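Since the structure is predicted, the reported quantities are computational estimates derived from the model, not experimental observations.
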Amino acid sequence: MEPLSFQKYISSLDPASLPRVVKICSGVYFQGSVYEISGSECCLSTGDLLKIVAVQLQKVTCDNVETGQSIELPLNFTGNKHKTADCILHTSSLMQIYSVLTETILPTQSYIDGQIIPKGQSISLTSVTTHEGSKYASCTTNGPSGHHSFWLPFSFRGLFYLCRGQHHYTLSQALQAKELWGQHLKCSRLGTHTFLLCPEYEVQAIMHMRKDVVKIPSSLEVDVEDVTEESQHIHFIKPLMLSEVLKLQDIYPLQAEILDGPNYPLIFENDWIARLHKGQRIQIHSKVCTWRILASSRKGSKHFLLSSTYQGRFRKRPREFPTVYDLAMSQGSSKRLRVVVTRDCESNEENLPSLSVGDRLEVLRLVKANMQNQAEHQATDVLLCSRSSGDEDGDDEENEELLLPMYLDGGFVEEVGDSKKYTLPEIVEQFQLPCEVRMVVKDSSLAPDILGSNSMLRLEAQITETFLATSLCEEPDASFEIPPQWLDMSVFLTEEHVPVQTHLTDMSKIQVLTESFYYQLVKLLPSTVVAPPRPPKRSECKNKTAPQKPREEKVPEKPKVDLSILSFSSGGNSSDSSEHDYEVIENDIKKTIHKMQRAFHW
């Protein structure tokens, strides 16, 4: 097929023949440039292929051949309601007339095959024949001089009118009739002038590496060539993101090729993620909706996502609680919580007890109690605990109920007498996260099990997401699970058959997180934790409160403090001694410094 303008090609295109493949030949965009089409940029270069999948009429313009003026017709324009012939064709090509085998009228007198055909005489075209390589039309005429038959060569040129008689055209019929394409027409509703119909279509096409269908106006000034028959083997690549593949239904297993690898920085440190690069072919076996456990090593230097299918076993480790508030937050567990006090705790309230190192407590429940606040009593939450004073297994053990304020600062360690080995599903079912565990049995299906060097773990949260079970084409049995919502990449689906894999070895049961992604993931987790309550403001009334003990902060080295700079006098200004309690405050500070000396062995 010879190249045609895009407008002419689309105007002559039969919608029933779609889809059609065309190649860009030449035009304004011969060297290739960016052209904005329906709000999206589309680069058209010489040699590009378009797969036309739909054509929709947008508007029709009538150009007055005599005056050059143009008017736009509505798409529902009907000109066939008049009694007169609505559309008359003007043409100079006998071949175009013969394509409909109809009657024509000569507007001027002509001398044809030794006969004079008068002006206005109708000629009927009945058949066609080929003689010595040239085509001839068999014609008949009935005029005043009788019936005549003659042959007209297709090379004969003249001005003809189609005799339509009672045949009328609507706008839609005129656009669909091949014999009327590019011809001059008359319409009684538009006057006596001759018009040329100029339709404009919206062409929907598929292009290589374009995710969406491209919408192109037929008025685009490029030349195209129809290459449908030669392009049967061409596969138009449609890029998809893995997150879009995740939404597809009933297509697994499938094969895809990576167009662009994962964005940096990466979220996992596993070996398989480095192999997901451009050009790598992968097999996507299934969609997996499962939960994983977010875990960290004891020192917080490593972070993991542990699959629910991980077969290792763990023992529960005692938890540590820095405040009474943290004890209260652990009330969701089914078992009673028993703890041992690891640091002396003094309450600032007169009616609330203090704790000593070694005290054994059992956490009971939260209750309301009256607390002294600015010389007034307010009901607030306190933690009801039971303090035991005998042996744990002794019959003579005596219990004392205590009310501990939520803001009480101290140290507590959970009493754990359980030596059972738990799997991850058992831990999730029986314990409240977060919890401390120690790995005691490795997963034998993993070689090596990287948790072996990080046996002390803090299980922080349970995360449920949808993953794609994937493997490399060269290693179809070794699978790994990709989370498209976190690790998205551009791929295209190939048409190759993928056999169903019955035995897959999951190599991503333990996914090592990068530090940056770990903190991003923590931010995405739902949080119900509220800030612990602050201690109440102390009353200014005389002799009703004791000074608050300074909070001890953990430091990497033993603090070096020169206590010689702290000196106190037993006396004061005698004139003000009746109005202030300097001696009481001084004695309390001395006691506090004495305790600090014993704690730090000064």
Side-chain angles (χ1 to χ4, degrees), residues 1-58 99 175-178 181-182 199-242 244-245 248 250-251 253-260 278-284 473 489-498:
M1 175 182 175
E2 294 294 328
L4 298 174
S5 68
F6 194 53
Q7 175 68 46
K8 184 177 292 186
Y9 176 81
I10 297 301
S11 298
S12 61
L13 185 62
D14 183 6
S17 66
L18 296 178
R20 306 292 297 181
V21 180
V22 297
K23 181 174 68 175
I24 304 296
C25 294
S26 61
V28 176
Y29 309 98
F30 181 79
Q31 297 298 330
S33 64
V34 174
Y35 186 81
E36 187 175 342
I37 299 172
S38 299
S40 59
E41 293 181 347
C42 175
C43 184
L44 299 177
S45 303
T46 301
D48 283 352
L49 296 179
L50 298 176
K51 186 176 183 179
I52 301 175
V53 295
V55 175
Q56 185 176 2
L57 181 65
Q58 295 296 301
S99 64
L175 293 175
Q176 294 176 4
K178 293 184 178 181
W181 288 340
E200 184 172 321
Y201 299 88
E202 180 186 78
V203 181
Q204 299 181 17
I206 297 174
M207 296 184 65
H208 276 301
M209 306 303 295
R210 296 282 296 184
K211 181 183 300 184
D212 301 321
V213 174
V214 179
K215 297 179 180 180
I216 307 175
S218 61
S219 57
L220 189 64
E221 297 179 1
V222 293
D223 290 343
V224 297
E225 179 183 0
D226 192 303
V227 291
T228 304
E229 300 302 326
E230 307 94 289
S231 306
Q232 297 296 326
H233 64 285
I234 295 179
H235 177 66
F236 283 80
I237 295 176
K238 179 182 179 180
L240 293 172
M241 302 301 291
L242 276 185
E244 295 173 319
V245 177
L248 301 179
D250 302 328
I251 64 168
L254 58 88
Q255 181 172 297
E257 182 174 323
I258 299 176
L259 295 174
D260 291 307
K278 182 178 180 180
Q280 174 67 57
R281 292 207 167 191
I282 58 176
Q283 293 181 2
I284 303 177
C473 285
M489 66 186 78
S490 178
V491 302
F492 76 90
L493 306 183
T494 66
E495 297 180 346
E496 298 185 22
H497 173 70
V498 179

Closest approach of [X] to [Y] (non-hydrogen atoms, all atoms of both residues):
X    : Y    : answer
C473 : Q283 : SG-CG, 3.9 Å
P217 : E200 : CB-OE2, 4.1 Å
D260 : M489 : O-CB, 3.3 Å

Starting at [atom1] of [X], measure out to [atom2] of [Y] and round the result to the nearest 0.5 Å.
X    : Y    : atom1 : atom2 : answer
F492 : L259 : CZ    : CG    : 6.0 Å
K8   : L13  : NZ    : CG    : 15.0 Å
L493 : K238 : CG    : NZ    : 9.0 Å
C25  : F6   : SG    : CZ    : 12.0 Å
S219 : E202 : OG    : CD    : 11.0 Å
Y201 : Q56  : OH    : CD    : 11.5 Å

If you define the side chain from C-beta out and look only at heavy atoms, does anything of [X] sit under 4.5 Å from [Y]?
X    : Y    : value
V22  : V227 : no
V245 : V491 : yes
L57  : P199 : yes
I234 : H208 : yes
V55  : P15  : no
I251 : I284 : no
L4   : D223 : no

Inset, instruction - Check I206, V203, V224 against I52 for a side-chain contact (heavy atoms from CB on, under 4.5 Å) and give me the one that passes. - result: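 Only one of I206, V203, V224 forms a side-chain contact (heavy atoms from CB on, under 4.5 Å) with I52, namely V203.
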
Legend entry - Candidate pair I24 and L50, rule side-chain contact (heavy atoms from CB on, under 4.5 Å), full reasoning: CA-CA 8 Å; I24 304 296; L50 298 176; 4.0 Å; yes

Inset, instruction - Examine distances only and state if a side-chain atom of S231 and a backbone atom of T228 form a donor-acceptor pair shorter than 3.5 Å. - result: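 A pair under 3.5 Å: no.
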
Inset, instruction - May I have all residue pairs that pass salt bridge (charged side-chain N to carboxylate O under 4.0 Å, His left out) and include part of residues 16-25, sequence neighbours excluded? - result: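 Matches after skipping sequence neighbours: R20-D226.
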
Legend entry - All ring-ring contact (aromatic ring centres under 6.0 Å, His included) counterparts of H235, not counting sequence neighbours: none

Legend entry - Side-chain donor-acceptor contact under 3.5 Å, S218 with Q7: yes

Legend entry - Any side-chain donor near an acceptor of the partner, E496 and Q255, under 3.5 Å: yes

